[in-house]
2 protein chains.
Amino acid sequence: MRNDVADGGAGGRPRLGRLKLGSLADGAYEAVRGSIIRGEFGPGDRLVETRLAEEMGVSRAPVREALKRLVEEQLVVEKPRYGTFVREFTARDFADIYNLLGAIESLAARLIVRENASLEPLQALVGEMERAAREGDLVGVVDAEVRFHEELCAAAGNRYLSSVFHSLSGLVRMALSLDDATYGDLADVASEHLPLLEALGSGVEDRAVFAVQSHLHGIVGGEGITRLGGDPDAVLPPLVYPIEPDGPASRG
Amino acid sequence: MRNDVADGGAGGRPRLGRLKLGSLADGAYEAVRGSIIRGEFGPGDRLVETRLAEEMGVSRAPVREALKRLVEEQLVVEKPRYGTFVREFTARDFADIYNLLGAIESLAARLIVRENASLEPLQALVGEMERAAREGDLVGVVDAEVRFHEELCAAAGNRYLSSVFHSLSGLVRMALSLDDATYGDLADVASEHLPLLEALGSGVEDRAVFAVQSHLHGIVGGEGITRLGGDPDAVLPPLVYPIEPDGPASRG
DNA sequence: ATACAGTCGATCGTCGACGATCAAGGGGAG
DNA sequence: CTCCCCTTGATCGTCGACGATCGACTGTAT
């Protein structure tokens, strides 16, 4: 867990390969982020600007910018004037993320129902998930799942909601990745999204909200947390919302 | 609204003064952010790295980093290879922010009640708000109000919740600033926080959640939005949550 | 008068180098 | 043997310069 200082050996560390598309900073960002998410860089690993730069064949400037973005995303931590390191996660972290995600996606569900947004992209993503599950492609499943939740937020039509999810997506991906890996049957992961879709299409806000919360509780929350050895009391259970008839109550 | 290109005149543009504390990038960030929030830079204004750098007496690198952070915060937009500009906001933006804030702070309220967190810092902030209101200090009120909401999220003890609020705080500040400016009596702004405090201390989660939502509805949402000329239907009304008895329902 | 193409200028993206700062390791005193 | 100070090394923070790209302007043809 600890390759702190003086890891300067020669060993076969992960290669990040030359990058091309977009700005070099974008490329560096994708490369490093991918390496972290795929686990090629483990928690506590040191990320040295100079080393990364020469491994990718670029200067320090783009790498530096990439690392700053990763700091924003909380995938790495930075000790000023010392170094940047891949973050470590505890079960508590995942519980916190789950709770936050629950709040955010509940809003998304509410807005989706309210605006009668199209569910087609979501259905497509579930299809992708099923296909990946059939092929036993774990990262494919996780990938589709992340995009499912991303699309859920996007479909709500609230730019800031989307943006917040995006800033959390790296964390979400790591949580989902760990969770799915400890999960029994991949096919279940996909099929668990079906009742959610159904509820979103039901036209009843509170059903959709409850479905989202239940879904999260199954995936990363409650049951997932216990699978990961965390404390189930740290996560909020799905709340049964009452029947508030739709249409704005316009208090006043 | 449009000082696009060729604003290179001599006029008395806002001075950002030399900066000192922390890293230069931190200083540049604070300086530019402050100028935007205080309205010294208006929507659509162009932010040229070179110009800002020499105005602050630093190199482009720290300024560049500062601007990147502001992009993350959505206070400025960047057209790659072209320029960076102060963002423009519509009433729709404020409605969206209000909705998101409602989701986030509802979670905060729930967690605060659940963990029996101390309300002392929040009370102190309301005191500060009242003091500023008595002195007719608008920015003082807004400042305290932002910190109140920040502290609300912090008190929940969920690091990611806090972090999300922080990433939105610039937006929140602008929304509050505009709202308070159009509001009638500053003293009311402070006193509107009292029922919220009371509800947070009541020990009943749903009361706290409802209070938070009502509070936001009064401040930036619903009524605030209409004051700003926006569409009230774009914001969610406070929801009357049912009586879920407290203590974790620990389903399963 | 209008539309289009070529040229010009401004701004950003990237680079390599310097200096400041902090953690780690070695040596000496108690 | 333990503790503290100092040296040493590595890494980041910042800088100034170069090149690439894009928008704006001018001149011309229709």
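In what follows, chains are A, B, ... by sequence order, proteins preceding strands, each numbered from 1. Here the structure is a predicted model, which is why all the values come from computation and not from measurement.
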*Closest heavy-atom pair and its distance - G140(B), A132(B)*: C-CB, 3.7 Å
*Return the value, rounded to whole Å, for the distance between atom CZ of R46(B) and atom P of dT11(C).*
6 Å
*asked:* Could you tell me how far apart E78(B) (CD) and dG23(D) (P) are, to the nearest whole angstrom?
replied: 15 Å
_E73(B) and S167(B) side chains, donor-acceptor separation under 3.5 Å_ = no
*Could you pick out which residue, R81(A) or R60(A), lies toward the 5' side of DNA chain C when each is mapped onto its nearest nucleotide?*
R60(A)
*asked:* Quick check: do L107(B) and L236(A) have side-chain heavy atoms less than 4.5 Å from each other?
replied: yes
*Given dG13(D), dA24(D), dA24(C), which nucleotide is nearest the side-chain atoms of Y82(A)?*
dA24(C)
*Write down the distance between CG (L24(B)) and P (dG19(C)), rounded to a whole number of angstrom.*
16 Å
*Round to a whole Å and report the spacing from CG of L47(A) to C1' of dC12(D).*
14 Å
*Given atom CD of E49(A) and atom C1' of dA10(D), what is their separation to the nearest angstrom?*
13 Å
*5'-most contact on DNA chain D: P80(A) or P80(B), nearest heavy atom basis?*
P80(A)
*Rounded interatomic separation in angstrom, taking CG from L52(A) and P from dT14(C)*: 16 Å
*Quick one: which of dG13(C), dT14(C), dT14(D) gets closest to the side chain of A25(B)?*
dT14(D)
*K79(A) has an atom NZ; how far is it from atom C1' of dG13(D), in whole Å?*
18 Å
*Assign the ring pair H193(B) / F148(B) to parallel, tilted or perpendicular, where the plane angle (0 to 90°) is split at 30° and 60°.*
perpendicular
*asked:* Just to be sure I understand the geometry, which residues of residues 62-76 of chain B put a non-hydrogen atom under 4.0 Å away from DNA chain D?
replied: P62(B)
*Return the minimal non-hydrogen interatomic distance between M174(B) and F94(B), and the atom names on each side.*
C-CE2, 4.3 Å
*Is R46(B) close enough and on-axis enough to Y82(B), meaning under 6.0 Å and within 45°, for cation-pi?*
yes
*For Y160(B) and N99(A), run side-chain hydrogen bond (donor to acceptor under 3.5 Å, both in side chains): C-alpha distance rounded to whole Å, both residues' side-chain angles, the deciding distance at 0.1 Å, then the answer.*
CA-CA 9 Å; Y160(B) 301 93; N99(A) 281 336; over 6 Å; no
